[in-house]
Amino acid sequence: MDEFDLDDELPTPVGELALQTIAMPANTNANGDIFAGWLLSQMDLAAAIAALKVTSGRVTTVAVGEMAFLTPVHVGAVVSCYAEVKEVGRSSIRISVEVWIGHRITHEPTKVTEGEFIFVAIDDAGRTRRIS
Ligand SMILES: CC(C)(COP(=O)(O)OP(=O)(O)OC[C@H]1O[C@@H](n2cnc3c(N)ncnc32)[C@H](O)[C@@H]1OP(=O)(O)O)[C@@H](O)C(=O)NCCC(=O)NCCS
């Protein structure tokens, strides 16, 4: 797994906008903030969308890289997931996903987290297949 840097100073997201949604009350944890597992599933979906563009067929998540959450996500935040294909292997594809929201007070784009998702192209029987 390559290194990734949560302290980068890029003011803008890296990658293509793959998924955008709104954080809803149903997705909160016991503190009233958005549950990390929900955010993770949005990232998984965003990575899957990027993977499907390359593999044109069924894919599955085989691994997820290390992640840290830099700022809480509040109900009502517009959550944007940006995905970038980093590497395409025989059957696998490595995708970096960044999550950004508008800051609640300043509305400035704010990075929430980033992570790497590895997908594998599979056939109807769930066996790996070559990416064409
Ligand atoms: C995906 C799956 C079919 C792969 O089967 P496998 O026997 O591990 O296949 P391989 O060992 O040939 O690996 C396939 C590719 O994935 C890569 N890979 C496998 N495990 C990996 C890991 N932990 N990290 C990074 N890459 C990995 C391999 O390097 C290989 O890449 P390449 O073909 O581009 O060289 C199988 O592991 C599986 O079905 N896993 C469950 C997936 C799933 O249900 N995901 C959702 C969970 S809720």
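The structure presented is a predicted model; accordingly, all values stated were derived computationally and were not measured. In each ligand, atom 1 is the first atom listed, and ligand 1 is the first ligand listed. We use all heavy atoms of the structure for the numbers below, so side chains are in, but hydrogens, waters and symmetry mates are not.
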Exercise. What atoms of ligand 1 come closer than 4.0 angstrom to any heavy atom of V120?
Worked result: 1 (C), 15 (C), 16 (O)
Seminar exercise, completed: So the atoms of ligand 1 within less than 4.0 Å of a heavy atom of G89 turn out to be 34 (O)
Seminar exercise, completed: Near T61 (heavy-atom distance under 4.0 Å), the atoms of ligand 1 are 42 (C), 43 (C), 45 (N), 46 (C)
For this session: Check each atom of ligand 1 against the heavy atoms of T60 and keep those under 4.0 Å away; list them by number with element.
Result: 1 (C), 42 (C), 43 (C), 44 (O), 45 (N), 46 (C)
Exercise. So, does E16 use its side chain to make a donor-acceptor pair with the main chain of A83 at under 3.5 Å?
Worked result: no
Exercise. Should you measure from each heavy atom of I118, which atoms of ligand 1 turn up under 4.0 Å away?
Worked result: 25 (C), 26 (N)
For this session: Indicate yes or no for a side-chain donor-acceptor contact from T55 to the backbone of I131 under 3.5 Å, with no hydrogens or angles considered.
Result: no
Exercise. If only atom types and distance count, is the side chain of N31 paired as donor or acceptor with the main-chain N or O of D33 below 3.5 Å?
Worked result: no
Exercise. What closest approach, in Å, do V14 and Y82 show between heavy atoms, and which atom pair accounts for it?
Worked result: O-CB, 3.4 Å
Exercise. Is L19 close to Q42 at the side-chain level, that is, under 4.5 Å between some pair of heavy atoms?
Worked result: yes
Exercise. Under 4.0 Å from any heavy atom of A63, which atoms of ligand 1 are there?
Worked result: 22 (C), 23 (N), 24 (N)
Problem set entry | N or O pair under 3.5 Å between S92 and ligand 1 | yes
Exercise. Does any N or O in the side chain of R94 come within less than 3.5 Å of the main-chain N or O of E116, such that one atom is a donor and the other an acceptor?
Worked result: no
Exercise. What atoms of ligand 1 come within less than 4.0 Å of a heavy atom belonging to G126?
Worked result: 3 (C)
